[in-house]
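First up is the structure itself, then whatever we jot down about it.
Every chain is numbered from 1, with letters handed out A, B, ... down the list of sequences.
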Amino acid sequence: MNRDGALLYRGKMEEVISQRLIVSVSPHIRAREDVRTIMSDVIFALSPALGASIIFFGWRALLIVSVSIFFSVASEFFWQKLWRKKITVGDLSPVVTGMLLAFVLPPSSPLWMVAIGAFVAITLGKQIFGGLGYNPFNPALVARAVLLASWPVYMTTWTKPFDGVTTASPLGIVKMELDQRLPSYLEMFLGNRAGCLGEISVLALLLGAIYLLYRKQITWHIPVSYIGTVGLVCLLFNRDPLFNIMAGGLILGAFFMATDLVTSPLTRRGKLVFGVGCGLLTVLIRFTGGFPEGVCYSILIMNMLTPIIDKITEPKVFGS
Amino acid sequence: MKRLFSFKGGVHPPYFKELTSGQPLRRASLPKKVVIPLSQHTGRPAKPIVEVGDEVKTGQLIGESDGFISLPIHSSLSGKVLDIKPWPHPLGHTVLSVIVESDGRDEWISDLTAHEDYFRLSPEEIREIVNSAGIAGLGGAAFPTHVKLTPPESCEIDTVILNGCECEPYLTCDHKLMLEYSQEILEGLRIIMQTVDADRGIIGVEANKTDVISLLEKELRREPGIKLAVLKVKYPQGAEKHLIDAVLKRKVPPGKLPLDVGVMVDNVGTALAIRQAVKRGIPLIERVVTVTGSGIKQPQNLWVRLGTLFADVVSQCGGLLGNPEKIIAGGPMMGIAQYTLDIPLIKGTSGILILSEAETFPEGDCIRCGKCIDVCPVNLMPTVIAQHVQHTDWASVRRYSPFDCMECGACAYVCPVKIPLVQYIKWGKEEVKERE
């Protein structure tokens, strides 16, 4: 058959196409975006919060972030070398993990603890399950949970912005009913309060969040349902909703942790369920639990439910 | 700004239409021979009624329709039947084909029956004319048009939509047709409306074809029953069910047809072919094809006789530019990659796309971003289906409705880790079908 065709079309044309043609299933064009583009967008979106942490906690904040990123990338690299897997650090996902981990650590964290955290995030949080895409839990939050259980004192020592004097976190003040001044709404909005490195400035976080929404790397569903649920429950139980939204790690968690692609549900309806669940668990822990803050655990718990949420929120086929 | 009609989901691939949209529509010179496959439509192949050595004329019947869902095939040249044998087909298998060597005279059959007064014809008569002219849907699926024009008694069709969206990147053949044959296409639409007794006609055009839109706006002033619907530029805007949803807000349920919601959709090229068959008696022996891509010297739209080999079409466009890496019959989103240029052009071939640099995409692991689900116009979960296919868990594949997938490719297009989702879904469909 082929030979017949070739015989009839001897000459220049045949010469040219005698080389191999690529034969593959459609579509034959693909969008430019890959994992690296997505991660670059997230890094760019986190940079205002990084700037805020440097302003309020000094250059040590940058040091902690750098150590965390360095050990995340190094852990990923050596793990993949060790198991003779393809080296994928170029996709920048360990950089994001490193940044996010540093953002949920206190500014006075010892550097060796940061390094251990980064190692735990990459190995126990991600690579042990098979790498990016297979990890059931948010790696940065897994590391935070491990550090909190291992070095609770370091993980709950808070310092005031600018002077570094030890103080309580705003949520801690409320929880322990301490006789200390709570930061004003404006101070919390700008980030002038005690807290984890990256969680303090609502303004900086929102700037990054707007960028991620604009670039369609996240959708509104998880942050809105998460923050909305927290606000609504606060109203119902007569707590200050604005304070509860801005005082802890909620803004960072809702826009940058709960929206983690791998560990959140696939569908938009699933994302709404996920966000409401995170919101309910967060207020449950804050109001009735032993810890002043519940964002980290609530997201980790909802991560566990993601496969089930995916199953029950399958979208309806067009027209049915 | 006026609000444009649209649907939920979809993607925005680069269009590359300017390669050909500015070039005039030309007529290709006659090839020395044509290879006419006896199956160029959905349904049973035609049965050959000529023998090797026979003299045939242009428009002469050479393959007889075999049953209701089938179509007759006509010779697209005058000359001699060289051979009747299987030949590679753009859909990927070999098909019994009639090879006609041109005598260079293009002598037509003498008994073309023209019906200038088509409005006197009954629906049955029109269907018969459309059937014997061998008309299939020219948008790509190539479903026999007379079957479509025969809705069951229980279905009342109130609206006929002409599909002029042309959402596939690179392709401009429908665009060119609408510009140069607008009146004939409108006449075709009226014939279709008359046949299925619908009183409303709509032409759907994507907003990027501004010249077509202003032309049609002018011409439709004299046509009270026909309206223009300008649609948002988005892929796959031209998908039948989504065009209906966008324009009429009617949703065709899974497994149902447009006629179940009282609508019929035809491609603009099909409407032109119907008009030519009814009013002038001409069977379907040629079509407009967009020859384009980075690997062709002079990209353009050409009227080409059916059965012309891609190689002949390419040499009419100045030949290849550099070494091609991929040759596609159709557009880049749904077209079929070919392994040779010795492939005949058939009724459903809307484009010949030649890419001098075709990327191959190594497949990564799903990062569960959900973008494939967001863009799926049918609301499927492509990555979940693909995962079950990878695990050869066919029962689970079935549960996620793979048969509702129209293989538009939007999911695979957006996937950041380049999973060949359409390939997995096609595979899944085959395996599930085999087990039922």
Side-chain angles (χ1 to χ4, degrees), chain A residues 1-2 4-9 11-14 16-38 86 88 91 93 130-134 216-219 260-268 270-271 306 310-311 313-320, chain B residues 11 13 86-88 94 169 241 251-254 256 311 314-315 320 323-328 332-342 355 358-361 364-370 373 377-381 383-384 400-401 404 407 409 412-418 420 422-423 426:
Chain A
M1 189 76 43
N2 219 359
D4 283 356
L7 280 176
L8 288 158
Y9 283 86
K12 236 185 184 169
M13 191 76 77
E14 198 236 334
V16 174
I17 20 211
S18 59
Q19 66 165 318
R20 282 185 182 182
L21 290 170
I22 298 168
V23 179
S24 59
V25 173
S26 60
H28 306 287
I29 48 172
R30 302 296 185 92
R32 288 265 147 253
E33 185 179 82
D34 58 12
V35 179
R36 199 186 158 92
T37 346
I38 298 174
K86 206 178 139 219
T88 59
D91 69 14
S93 73
L132 186 69
Y134 296 103
K216 297 197 171 137
Q217 300 305 5
I218 60 171
T219 64
D260 171 41
L261 301 175
V262 179
T263 55
S264 64
L266 287 166
T267 66
R268 300 194 165 195
K271 286 174 176 153
T306 291
D310 274 341
K311 267 218 166 112
T313 56
E314 189 188 339
K316 261 196 186 146
V317 175
F318 177 89
S320 62
Chain B
V11 292
W87 191 280
T94 58
K241 290 182 176 183
K251 286 199 162 54
V252 183
K256 297 277 182 181
V314 165
S315 47
L320 296 168
N323 290 334
E325 286 193 344
K326 210 169 209 181
I327 294 169
I328 298 160
M333 293 300 287
M334 289 185 80
I336 299 168
Q338 307 294 324
Y339 60 89
T340 162
L341 274 178
D342 289 331
L355 300 176
E359 281 172 276
T360 47
F361 306 94
D365 295 324
C366 177
I367 55 164
R368 295 178 37 89
C369 66
I373 298 169
V378 206
N379 299 338
L380 300 179
M381 300 177 84
T383 185
V384 177
Y400 284 94
S401 326
D404 291 306
E407 300 172 11
Y413 173 78
V414 291
C415 180
V417 294
K418 320 295 174 208
V422 176
Q423 187 172 337
K426 274 173 180 269

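For chain B, no part of A/Asp91 is nearby; none of its heavy atoms comes within less than 4.5 Å. For chain B, no part of A/Ser93 is nearby; none of its heavy atoms comes within less than 4.5 Å. Only the side chain of A/Ile38 comes within contact range of chain B, with at least one heavy atom under 4.5 Å from a heavy atom of that chain. Of the two parts of B/Pro13, only the side chain, counted from C-beta on, holds a non-hydrogen atom closer than 4.5 Å to a non-hydrogen atom of chain A. At a 4.5 Å heavy-atom cutoff, the contact between B/Val417 and chain A is made by side-chain atoms alone. Only the side chain of B/Phe361 comes within contact range of chain A, with heavy atoms under 4.5 Å apart. Contact of B/Cys369 with chain A is made through backbone and side chain together, with heavy-atom distances under 4.5 Å. Contact annotation for A/Lys216: only backbone heavy atoms (N, CA, C, O) come within less than 4.5 Å of a heavy atom of chain B. If you measure heavy-atom distances from B/Met333 to chain A, the contacts under 4.5 Å come from both the backbone and the side chain. When heavy atoms are compared at a cutoff of 4.5 Å, B/Lys426 approaches chain A solely by way of its side chain, counted from C-beta outward. Of the two parts of A/Arg36, neither the backbone nor the side chain holds a non-hydrogen atom closer than 4.5 Å to a non-hydrogen atom of chain B. Heavy atoms closer than 4.5 Å to chain A are found nowhere in B/Val11, neither backbone nor side chain. For B/Pro169, the part lying near chain A is the side chain, with the backbone staying farther off; criterion is any non-hydrogen pair under 4.5 Å.
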Before giving the answer on side-chain contact (heavy atoms from CB on, under 4.5 Å), spell out for A/Thr306 and B/Arg368 the whole-Å C-alpha distance, their side-chain angles and the decisive distance to 0.1 Å. CA-CA 11 Å; A/Thr306 291; B/Arg368 295 178 37 89; 3.2 Å; yes
side-chain contact (heavy atoms from CB on, under 4.5 Å) between A/Leu132 and B/Asp365, intermediate numbers included: CA-CA 8 Å; A/Leu132 186 69; B/Asp365 295 324; over 6 Å; no
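Of the listed residues (A/Asp310, A/Asp34, A/Val262), the greatest number of heavy-atom pairs within a distance under 4.5 Å of chain B belongs to A/Val262. Taking B/Gly364, B/Pro254, B/Pro253 one by one and counting their heavy-atom pairs under 4.5 Å with chain A, the maximum is reached by B/Pro254. When A/Thr88, A/Asp260, A/Val23 are compared by the number of non-hydrogen pairs under 4.5 Å with chain B, A/Val23 comes out ahead. No other option in B/Asp404, B/Leu355, B/Ile328 has as many heavy-atom pairs under 4.5 Å with chain A as B/Ile328.
Atom CD1 in A/Ile22 sits 6.0 Å away from atom NZ in B/Lys326 (nearest 0.5 Å).
Residue B/Lys251 comes nearest to A/Phe318 through the heavy atom pair CE-CE1, 3.8 Å, listed as atom of the first residue, atom of the second, then distance. Scanning all heavy atoms of the two residues, the minimum distance from A/Leu266 to B/Met381 falls at CD1-CE, 4.1 Å. Closest approach of B/Val422 and A/Val25 over heavy atoms only: CG1-CG1, 4.1 Å. Smallest separation of non-hydrogen atoms from B/Leu380 and A/Val317: CD2-CG2, 3.9 Å. Annotation for A/Pro315 and B/Ile373: closest pair CG-CG2, 4.4 Å, computed over non-hydrogen atoms. The minimum heavy-atom distance linking B/Gly409 with A/Pro27 is given by the pair O-CG, 3.5 Å.
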